[in-house]
Participant: 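Okay, handing you the structure first.
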Amino acid sequence: MTPAESRALPAPHPEAATGPDEMVSYRTPGGLFAATAPTEAPAEPETPTDPDAPSEPATPSEPATPSEPAAPAAPHASAEDVAVADGAEVVPTRARWRRWTRRRQHLAVGGLFLLAALWVTSRIWLDPSGRVASLYTGDPAQVQFFLAHSVRVVLHGEYPFYTEQFNYPDGVNLMANTAVLALGIPMVPVTLLFGPAVSFVVLVTLGLAGTAMAWYLMLSRHLVRTPLAAAVGGWFCGFSPAMLSHASWHPNIISQFLLPFIVWRVLVLTRSRRPVRDGALLALLVTAQAFINEEILLFTALACGVFLLAVLAQEPARWSAAWRPLGIGVVTCTLLAGALLAYPLYVQFAGPMAYHGLSDAVKDYGNDIAAFFAPGSPTLGGNQRANINLAPNYSEENAFFGWSLSMLAIGIVVWLRRELIVRALAVTGLFFAVLSLGERVSWWDRELVSGPWQLLVHLPLLDAVVPTRFGLITSVVIGLLLALAVERAWALRPADRRTVRTLTAAGLAFALLPIAPMPLRMVSRPPVPDFITADRWRAYVGPDQTLVPIPVPSMGNTHGMRWAATTNLDFKIPGGYFLAPRNGNTGDAGRFGGRPSGVGQMLEEVATTGRMPKLDDRQRRRFADELRHWRAAILVLPLRQQNAEPLRRTVEDLVGPGRQELDVWVWDVRALTDRSV
């Protein structure tokens with residue numbers, strides 16, 4: 001980018017210097033596609049130099065960054081040029097100081113984000129194995145099971161995309177179940193040393209802090225100059241109410257630390273001089289994200305597409321220079337990522353236990369309009385009772401910005417409406433906010449009209465999307481708007497700059513304090529039985545047999561999955577919590593859990609209600625058939641299980657008396673299920 005083009009941009013700051021193969025700074029609207037600056041742009045007047053702009057010599061209180069211009073008169077001057085102007089003895093010391101202060105800034109901000117993440121997860125850190133989110137206990141157990149599977153992949157070379165260790169003998173398609181291999185494999189040492197429960201809370205902590213830090217680094221390098229602006233934007237992207245709502249259950253969703261760099265590489269392609277190389281780099285990021293969470297990757301691709309279309313709709317002239325490198329880069333990315341992901345995606349969509357689309361109940365998940373104006377449950381101003389029916393459940397509060405932040409976001413768009421990037425961000429955020437309302441638009445749980453999602457829900461790929469999660473894109477958009485607003489407020493030149501900055505800080509506090517993160521609510525959960533941890537089960541269960549927890553594992557009862565996870569899946573279990581074809585046939589629509597088990601449902605009802613059913617010989621024969629299908633070796637009922645006594649008597653009525661061993665009741669059914677007998 002030439003100095004003339006830089007002066008032509010209608011921005012409050014000159015462009016930072018970049019190399020020929022690097023992306024021009026996104027600190028200005030015109031910087032999005034720098035190569036396509038309008039020809040009439042040189043007629044634009046130069047913007048006055050900000051007295052507080054970081055182009056002045058660095059100071060400890062407001063240090064400049066190495067990527068920023070050294071002086072207003074020479075925005076593209078290098079460190080060597082400055083050395084010639086200021087003297088070779090002074091500038092190296094100054095440059096070292098500037099680099100050190102920038103590093104210290106990053107460390108300080110990263111430390112703040114890490115402390116905030118530890119604060120949010122503090123209650124589970126007190127006892128990772130004995131505490132779980134207070135409402136829905138299934139998802140953490142499922143993730144811990146997947147983390148244990150990663151151990152088997154690394155240590156035993158087990159097939160990574162499918163397993164029979166639960167839902168035996170049908171198995172589970174792990175590619176269709178977000179098995180978090182990109183997170184679980186790096187966490188194998190932690191899982192081996194401390195167990196999958198500790199790995200789970202580590203992932204949640206690093207997911208929040210890492211996402212905030214990644215957005216901070218991207219914003220500070222490519223969008224804003226003021227460290228506070230980048231920190232505010234990164235903070236909201238990492239600790240928004242939507243992120244907090246998923247933190248108790250979905251580390252794969254909150255681990256968004258690759259997304260800023262994916263967005264960055266997509267925008268690089270619009271002006272790349274090496275689109276093949278840049279497309280290959282994007283493909284590697286896309287591949288890694290696919291093994292963290294494919295749904296978030298799809299959201300990112302959709303958001304980038306809508307944002308770029310919003311830019312081009314306002315300035316079509318940019319397309320003439322952007323289409324060629326963008327097209328080449330996207331094709332390169334598609335070919336390379338497609339080659340790397342071809343086999344995993346084949347397993348996901350056509351392999352054993354593959355399903356197509358989610359159940360209607362999940363596809364209908366949507367945000368209530370009122371949810372955008374209420375604070376999230378895990379925030380300072382949040383209230384679970386007040387949020388009833390505003391979201392599908394408490395793990396899907398994907399809006400909940402509160403009145404103050406919602407009004408502030410609208411005010412920012414109105415204030416900065418002349419900036420191209422702000423208008424494009426506003427269109428993107430609004431578009432996905434509307435989609436997040438789902439098939440039926442409602443206000444305080446009263447249905448108003450049909451939503452636009454109704455037209456898209458049956459399209460391929462989109463039929464497996466949870467629509468309320470589109471609110472995650474709106475959260476990121478608001479984070480970027482906050483960063484831009486702080487940057488522009490810091491660059492204003494009124495008579496009393498201190499007053500403006502004080503008012504800006506007060507406005508941020510007013511908007512963000514009601515949704516400040518609070519420690520996640522936790523409750524105690526039953527410990528893994530000593531019978532399991534002491535390996536007493538090994539005397540009964542062979543390699544092709546299963547241990548059947550009572551009640552049988554399902555979406556509502558996942559304790560048996562935790563038992564298996566603590567042994568790194570050394571024994572198989574029937575049932576479990578996962579997504580599978582509705583009737584067990586590849587290609588059916590998805591449902592939670594495997595093939596329906598009549599006896600399993602009966603035992604779950606006994607565990608819930610404490611009421612014993614009246615059994616007959618037909619039910620006993622059916623239970624024996626299911627045990628043979630599962631190749632069961634033993635049935636295990638913890639003494640501390642809820643309604644343990646009714647469950648014990650029910651099982652005894654089905655298969656005969658059991659015996660107590662350590663802290664469980666055990667029924668040895670090998671004689672009943674041995675097919676050779």
Side-chain angles (χ1 to χ4, degrees), residues 136 138-139 141-143 145-146 149 159-181 250 252-253 290-291 293-298 341-366 392-393 396 438-439 453-469 546 552-558 560-561 572-602 604 622 625-626 628-631:
Y136 314 106
D139 292 84
Q142 184 192 63
V143 174
F145 195 97
F146 292 156
H149 172 72
Y159 186 63
F161 307 135
Y162 176 83
T163 184
E164 292 182 344
Q165 297 305 116
F166 67 137
N167 193 39
Y168 188 85
D170 292 335
V172 175
N173 189 318
L174 296 177
M175 275 304 299
N177 276 270
T178 315
V180 294
L181 291 170
H250 306 140
N252 56 313
I253 290 179
F291 289 107
N293 188 280
E294 293 177 347
E295 187 177 38
I296 297 299
L297 177 61
L298 176 62
L341 294 172
Y343 180 69
L345 291 179
Y346 168 79
V347 174
Q348 176 177 345
F349 293 106
M353 298 299 286
Y355 60 88
H356 294 163
L358 298 177
S359 65
D360 293 337
V362 176
K363 290 190 291 187
D364 194 35
Y365 279 5
N393 54 59
E396 296 289 351
E439 294 185 70
W453 180 245
Q454 195 173 43
L455 304 175
L456 305 174
V457 66
H458 299 294
L459 295 178
L461 297 182
L462 295 183
D463 60 357
V465 164
V466 182
T468 178
R469 295 178 183 175
T546 63
V552 180
S554 64
M555 181 179 180
N557 174 51
T558 54
M561 294 180 67
K572 299 178 175 69
I573 60 173
Y577 173 37
F578 51 90
L579 280 164
R582 185 166 298 167
N583 298 310
N585 300 316
T586 295
D588 289 348
R591 69 183 300 271
F592 291 104
R595 304 188 190 200
S597 166
V599 175
Q601 293 173 353
M602 179 189 68
E604 187 170 352
R622 183 176 181 181
D625 288 341
E626 288 197 347
R628 294 188 188 98
H629 178 69
W630 295 333
R631 298 183 184 178

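Residues: numbered from 1 along the sequence shown.
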Participant: How long is the straight-line distance from CG of L461 back to CZ of F349, given to the nearest 0.5 Å?
Facilitator: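 Answer rounded to 0.5 Å: 5.5 Å.
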Participant: Test salt bridge (charged side-chain N to carboxylate O under 4.0 Å, His left out) on R469 and E295 and set out the steps.
Facilitator: CA-CA 9 Å; R469 295 178 183 175; E295 187 177 38; 2.6 Å; yes
Participant: Please check if the distance between the ring centroids of F161 and Y159 is under 6.0 Å.
Facilitator: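 Yes.
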Participant: Using side-chain heavy atoms (C-beta onward) and a distance below 4.5 Å, is F146 in contact with L181?
Facilitator: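 No, too far: nothing below the 4.5 Å cut-off.
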Participant: Report yes if some heavy atom in the side chain of Y355 is under 4.5 Å from a heavy atom in the side chain of D588; otherwise report no.
Facilitator: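 No. Closest side-chain heavy atoms not under 4.5 Å.
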Participant: Mind checking the NE2-CH2 spacing from H458 to W453? Nearest 0.5 Å is all I need.
Facilitator: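 Going from NE2 on H458 over to CH2 on W453, the span is 10.0 Å.
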Participant: What is the distance from atom OG1 of T163 to atom CZ of F145, rounded to the nearest 0.5 Å?
Facilitator: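 Rounded to the nearest 0.5 Å, the OG1-CZ separation comes to 5.5 Å.
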Participant: Atom CG of L456 and atom CG of D463: how far apart are they, to the nearest 0.5 Å?
Facilitator: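 One finds 11.5 Å between CG of L456 and CG of D463.
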Participant: I need the minimum non-hydrogen distance between V466 and V362, along with the two atoms involved.
Facilitator: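 Residues V466 and V362, closest heavy atoms: CG2-CG1, 3.7 Å.
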Participant: Might you point out which heavy atoms bring Q601 and P596 nearest each other, and give the distance in Å?
Facilitator: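 Shortest heavy-atom separation between Q601 and P596 comes out as NE2-CB, 4.0 Å.
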Participant: Pick from T178, D139, N293: which one makes a side-chain hydrogen bond (donor to acceptor under 3.5 Å, both in side chains) with H250?
Facilitator: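 Single side-chain hydrogen bond (donor to acceptor under 3.5 Å, both in side chains) partner of H250 among T178, D139, N293: D139.
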Participant: May I have the step-by-step check of side-chain contact (heavy atoms from CB on, under 4.5 Å) for M175 and Y343, ending in yes or no?
Facilitator: CA-CA 10 Å; M175 275 304 299; Y343 180 69; over 6 Å; no
Participant: What closest approach, in Å, do E396 and P392 show between heavy atoms, and which atom pair accounts for it?
Facilitator: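 Closest pair (atom of E396, atom of P392, distance): O-CD, 4.0 Å.
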Participant: Grab the two heavy atoms, one from M353 and one from T586, that are nearest each other, plus how far apart they are.
Facilitator: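 Heavy atoms only, the tightest pair is N-OG1, 3.2 Å.
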Participant: Quick one: pull up CZ in R582 and CZ in F592 and give me the separation to the nearest 0.5 Å.
Facilitator: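 Nearest 0.5 Å value for the CZ-CZ distance: 11.5 Å.
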Participant: Between T558 and Q142, does a side-chain hydrogen bond (donor to acceptor under 3.5 Å, both in side chains) hold up when you go through it step by step?
Facilitator: CA-CA 8 Å; T558 54; Q142 184 192 63; over 6 Å; no
Participant: For the residue pair L462 and V457, establish whether any side-chain heavy-atom pair is separated by less than 4.5 Å.
Facilitator: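 No - every pair of side-chain heavy atoms lies 4.5 Å or more apart.
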Participant: Taking all non-hydrogen atoms of both residues, which atom of G171 and which atom of Y162 are closest, and how far apart?
Facilitator: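 Heavy atoms of G171 and Y162 come nearest at CA-OH, 3.4 Å.
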Participant: Is a side-chain donor-acceptor pair under 3.5 Å present for Y168 with R631?
Facilitator: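 Yes, side-chain donor-acceptor contact under 3.5 Å.
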Participant: So, for Q348 and A354, which heavy atoms are closest and what is the spacing to 0.1 Å?
Facilitator: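 Of all heavy-atom pairs spanning Q348 and A354, the closest is O-CB, 3.2 Å.
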Participant: So, using side chain to side chain contact (heavy atoms under 4.5 Å, CB included) as the criterion, who are the partners of L455 when residues are at least two apart?
Facilitator: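 Scan of L455 (side chain to side chain contact (heavy atoms under 4.5 Å, CB included), adjacent residues dropped) gives none.
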Participant: Which side-chain N or O atoms in residues 573-581 pair as donor and acceptor under 3.5 Å with protein atoms at least two apart or in another chain?
Facilitator:
none

Participant: Please round to the nearest 0.5 Å and tell me the distance separating atom NZ of K572 and atom CZ of F166.
Facilitator: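 K572 NZ to F166 CZ: 13.5 Å, rounded to 0.5 Å.
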Participant: Between the side chains of D625 and R622, is the shortest nitrogen-to-carboxylate-oxygen separation below 4.0 Å, so that they form an ion pair?
Facilitator: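 No, this pair does not count.
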Participant: With sequence neighbours left out, write down each residue that passes side chain to side chain donor-acceptor pair (under 3.5 Å) with S597, or none if nothing qualifies.
Facilitator: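 With neighbours one apart ignored, the set is E626.
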